[in-house]
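Here is the structure we will look at.
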Amino acid sequence: MNELQKIWLDAYRSYLKAASPTGELCPSDHDSALDHADAVLNSLIKAGEVACN
């Protein structure tokens with residue numbers, strides 16, 4: 001797993017934990033987590049914090 005994949009997965013997992021600490025999630029929580037992880041990664045790339053290699 002490369003650095004970008006790790007960052008994305010960490011953001012995805014963190015969102016789900018914040019959405020429901022008890023683990024009771026609905027399908028929209030997963031959609032929102034996907035959007036959040038994508039946004040985090042895109043922001044880091046645009047800011048030059050991570051390289052797209």
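What you see is a predicted model; the values in this text were computed from it and never measured.
- With rounding to the nearest 0.5 Å, the separation of CG in L25 from NE2 in H30 is 4.5 Å.
- In terms of heavy atoms, A37 sits closest to A11 at CA-CB, 3.8 Å.
- To the nearest 0.5 Å, the span separating CD on Q5 from CG on D10 amounts to 12.0 Å.
- Between the side chain of D29 and the main chain of C26, a donor-acceptor pair closer than 3.5 Å is present.
- Rounding to the nearest 0.5 Å gives a distance of 14.5 Å between NE2 of H36 and CG of D31.
- Taking CG of L4 as the start and CD1 of I45 as the end, the distance is 5.5 Å to the nearest 0.5 Å.
- Heavy atoms only, all atoms of each residue included: A18 and P21 are closest at O-CD, 4.1 Å.
- In this structure, the separation between CD1 on I7 and CG on N2 is 8.5 Å, given to the nearest 0.5 Å.
- Taking the side chain as every heavy atom from C-beta outward, W8 and L34 approach each other to under 4.5 Å.
- Note on L41 and Y15: separate hydrophobic clusters, where clusters join Ile, Leu, Val, Met, Phe, Trp and Tyr whose side-chain heavy atoms are under 4.5 Å apart, directly or indirectly.
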